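Please read the structure below before turning to the comments.
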Amino acid sequence: MKSLLDNLKSSMTEIGCRQLELPIWEIMVHIIAQSLRMAINVQAKRRETSELKFPDDSVEKLLSALKRVRAVRAPTRATWVVEPLSKKAQDMLELLDLPKPSMTFKSM
């Protein structure tokens, strides 16, 4: 992987781009994040229908609809309970071909 990144740096310098001065771990984080964004984008586009719309072709808007999906710990039990999902959150999960989360989780 290091040789791949070194080749990327040298080819960017050859075509006139400024040389990358970021640490390798920052470049790797950026590559992983961009790969995930592209995978989300492709999956959402593939599953889009007239009922399920990819919101404004924006991964940020799609993920922000899922931001409110969370589990809270029941005060007297060792389980976590998923808060009810909005219709929009359910649609975004379906758009990404992800299963709906189970309603309870046990603590370990």
Side-chain angles (χ1 to χ4, degrees):
M1 188 55 101
K2 183 169 176 21
S3 63
L4 178 67
L5 291 172
D6 290 338
N7 289 342
L8 175 66
K9 286 181 183 180
S10 64
S11 64
M12 296 213 30
T13 307
E14 289 171 10
I15 60 172
C17 295
R18 68 175 180 85
Q19 187 174 2
L20 296 175
E21 297 175 0
L22 297 173
I24 289 183
W25 67 269
E26 285 186 26
I27 296 170
M28 290 299 299
V29 167
H30 181 72
I31 290 171
I32 292 168
Q34 287 302 101
S35 299
L36 287 172
R37 289 174 58 79
M38 288 303 300
I40 289 170
N41 198 354
V42 167
Q43 181 69 20
K45 286 288 188 183
R46 189 177 298 149
R47 303 235 341 136
E48 190 173 33
T49 63
S50 60
E51 294 85 30
L52 290 174
K53 292 286 186 186
F54 186 35
D56 299 331
D57 293 332
S58 172
V59 174
E60 285 84 14
K61 288 184 180 180
L62 187 145
L63 293 177
S64 70
L66 296 174
K67 210 180 255 188
R68 294 185 190 100
V69 176
R70 62 181 174 181
V72 292
R73 187 170 186 173
T76 59
R77 296 183 289 167
T79 59
W80 293 79
V81 179
V82 175
E83 294 179 345
L85 299 177
S86 67
K87 173 71 171 129
K88 188 172 187 177
Q90 291 176 18
D91 289 346
M92 295 303 112
L93 286 173
E94 189 176 336
L95 189 63
L96 293 174
D97 198 23
L98 294 173
K100 292 180 187 170
S102 60
M103 296 311 288
T104 59
F105 299 95
K106 292 191 186 256
S107 293
M108 298 183 124

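Since this is a predicted model, take the numbers as computed values, not measurements.
- The structure places CG of Leu85 at 12.5 Å from CE of Met92, a figure rounded to the nearest 0.5 Å.
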Per-pair distances, 0.1 Å, donor-acceptor, side chain in residues 52-60, under 3.5 Å, sequence neighbours excluded:
unit_1, atom_1, unit_2, atom_2, d
Asp56, OD2, Lys61, NZ, 2.5
Asp57, OD1, Lys45, NZ, 2.5
Ser58, OG, Glu60, N, 3.4
Ser58, OG, Glu60, OE1, 3.4
Ser58, OG, Lys61, N, 3.2
Glu60, OE2, Arg37, NH1, 2.8
Glu60, OE2, Arg37, NH2, 3.1

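- Dense packing is recorded around CZ of Arg47, with more than 12 heavy atoms of other residues, nucleotides or ligands lying under 6.0 Å away.
- Partners of Lys87 by side chain to side chain donor-acceptor pair (under 3.5 Å), not counting sequence neighbours, listed by chain and number: Asp91.
- The side chain to side chain donor-acceptor pair (under 3.5 Å) test applied to Glu83 returns Arg70, not counting sequence neighbours.
- Nearest approach of Ala65 to Ala89, heavy atoms of both residues: O-CB, 3.8 Å.
- By the 4.5 Å heavy-atom criterion applied to side chains, Lys67 and Leu63 are not counted as neighbours.
- Under a 4.5 Å side-chain heavy-atom criterion applied to ILVMFWY residues, the cluster that includes Leu36 comprises Ile32 as well.
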Acceptor/donor pairs from residues 94-104 side chains to any protein atom, 3.5 angstrom cut, sequence neighbours excluded:
unit_1, atom_1, unit_2, atom_2, d
Ser102, OG, Thr104, O, 3.3

